[in-house]
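Scroll down for the structure; my scribbles are underneath it.
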There are 2 protein chains.
Amino acid sequence: MAYGLALAVLADPTRRQVLERLREGAQAVNAIAAGLPVSRPAVSQHLKVLKQAGLVEERSEGARRIYSVRRDGLLEVRAWLDSFWDDALDAFKLEAERSYKVKKGKR
Amino acid sequence: MAYGLALAVLADPTRRQVLERLREGAQAVNAIAAGLPVSRPAVSQHLKVLKQAGLVEERSEGARRIYSVRRDGLLEVRAWLDSFWDDALDAFKLEAERSYKVKKGKR
DNA sequence: CAAGTCCGTAAGCCATGACTTACCGTAAGC
DNA sequence: GCTTACGGTAAGTCATGGCTTACGGACTTG
């Protein structure tokens, strides 16, 4: 239902780079900012927006804030895209979620 | 590969409304603009951008330009989202495409 | 061919948002 | 307790882009 906000947030290339960094695993803000072409405060701002959109989640670890991808947020966008295949929607969602759980279980 | 452009394009609410109108079937520009809260030229501009991003396609029918959704463009975005499930990606894509064809064939 | 429809493009306005530097609170280490 | 890392927030700048009105070209119809 919040796919609109998520899409607006995913529109920014820097923000997508942040997400891609997090794809490899949860990281602190400094670690994320290292290697990105923008300043650390800029990354902080992006993380705030990503969090509001439900695309990342934050956990405190001492003085550090560890961010990680929140896949449910991405699923909402996926669901909207799937809706363009109309009645195939339900099949998509079910299969997708089932596949994911199966994969996870295997590890 | 062009998912970046597609995401930037999908970020705009009006543009998504245009797409949603087209979900019900191919339409001419006037028909699309009717019911939308913006002017017809604005719709034209959005259609241009949507076309550049590969999200719609255009066909001429006399003086009218008929636009329709180009699902392959949406699939690129889907594929990128799926990549956040890493190796589950291939399974998703295969299942999704297969499901779609099955559904289509049933009609 | 003249009048009317369809729609793309140009020009200009204005709001939004991405970025920077500067600053401040909080936690950790010597 | 001081100093140093960590990172969120404020303020200000600047570019981007979505919208409008005005215009012009292409096709259709009488």
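Since the structure is predicted, the reported quantities are computational estimates derived from the model, not experimental observations. Letters go in sequence order (proteins before strands), and every chain restarts at 1.
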Quiz item: What are the residues of residues 33-48 of chain A, sorted by number, that bring a heavy atom to within less than 4.0 Å of DNA chain D?
Solution: R40(A), P41(A), S44(A), Q45(A), K48(A)
Practice problem: Please list residues of residues 9-16 of chain B whose heavy atoms come under 4.0 Å from any atom in DNA chain D, ordered by number; otherwise none. | Solution: D12(B), T14(B), R15(B)
Between side-chain atoms of residues 9-17 of chain A and protein atoms elsewhere (two or more places apart, or another chain), which donor-acceptor pairs fall under 3.5 Å?
from	atom 1	to	atom 2	distance (Å)
D12(A)	OD2	T14(A)	N	3.1
D12(A)	OD2	R15(A)	N	3.0
R15(A)	NE	V9(A)	O	2.9
R15(A)	NH1	H46(A)	ND1	3.4
R15(A)	NH2	V9(A)	O	3.4
R16(A)	NH1	L10(A)	O	2.8
R16(A)	NH1	A11(A)	O	3.2

Exercise. Answer yes or no: is there a donor N or O on one side and an acceptor on the other, between the side chain of R21(A) and the main chain of A26(A), under 3.5 Å?
Key: no
Exercise. Mind running a 4.0 Å heavy-atom check of residues 51-70 of chain B against DNA chain C and sending the residues that fall below it, in number order?
Key: A63(B), R64(B), R65(B), Y67(B)
Quiz item: Are any of N30(A)'s side-chain N or O atoms less than 4.0 Å away from OP1 or OP2 of dG7(D)?
Solution: yes
Measuring only between side-chain heavy atoms, which start at C-beta, is [X] closer than 4.5 Å to [Y]?
X	Y	answer
Y67(A)	L50(A)	no
W80(A)	L7(A)	yes
W85(B)	L75(A)	yes
R78(B)	F84(A)	no

Minimum heavy-atom distance between [X] and [Y], given as atom pair plus value:
X	Y	value
G73(A)	L55(A)	C-CD2, 3.7 Å
R65(B)	S60(B)	CD-OG, 3.5 Å
A6(A)	V77(A)	CB-CG2, 3.6 Å
L47(A)	V56(A)	O-CG2, 4.0 Å

Self-check item: Sequence-distant partners of E61(B), side chain to side chain donor-acceptor pair (under 3.5 Å), two or more places apart
Solution: R59(B)
Exercise. Could you tell me which residues satisfy side chain to side chain donor-acceptor pair (under 3.5 Å) with Q52(B), sequence neighbours excluded, listed by chain and number?
Key: none
Self-check item: Contacts of type side chain to side chain contact (heavy atoms under 4.5 Å, CB included), residue A28(A), not counting sequence neighbours
Solution: R64(A), I66(A)
Exercise. Determine which pairs satisfy salt bridge (charged side-chain N to carboxylate O under 4.0 Å, His left out) with at least one residue from residues 26-48 of chain A, sequence neighbours left out, and list them in order.
Key: none
Quiz prompt | Range on DNA chain C touched by chain A - first to last nucleotide, heavy-atom distance under 4.0 Å | solution = dA18(C) to dA28(C)
Quiz item: In which ranges does DNA chain C form stems of 3 or more consecutive Watson-Crick or G-U pairs, distances under 3.5 Å?
Solution: C:1-30 with D:1-30
Self-check item: Partner of V18(A) by side-chain contact (heavy atoms from CB on, under 4.5 Å), out of I32(A), V69(A), V49(A), V38(A)
Solution: I32(A)
Self-check item: For E57(B), all residues meeting salt bridge (Lys or Arg N to Asp or Glu O under 4.0 Å), sequence neighbours excluded
Solution: none
Quiz item: Hey, are R23(B) and S83(A) close enough side-chain-wise for a donor-acceptor pair under 3.5 Å?
Solution: yes
Any N/O pairs under 3.5 Å between the protein and nucleotides 12-16 of chain D? List them or say none.
none

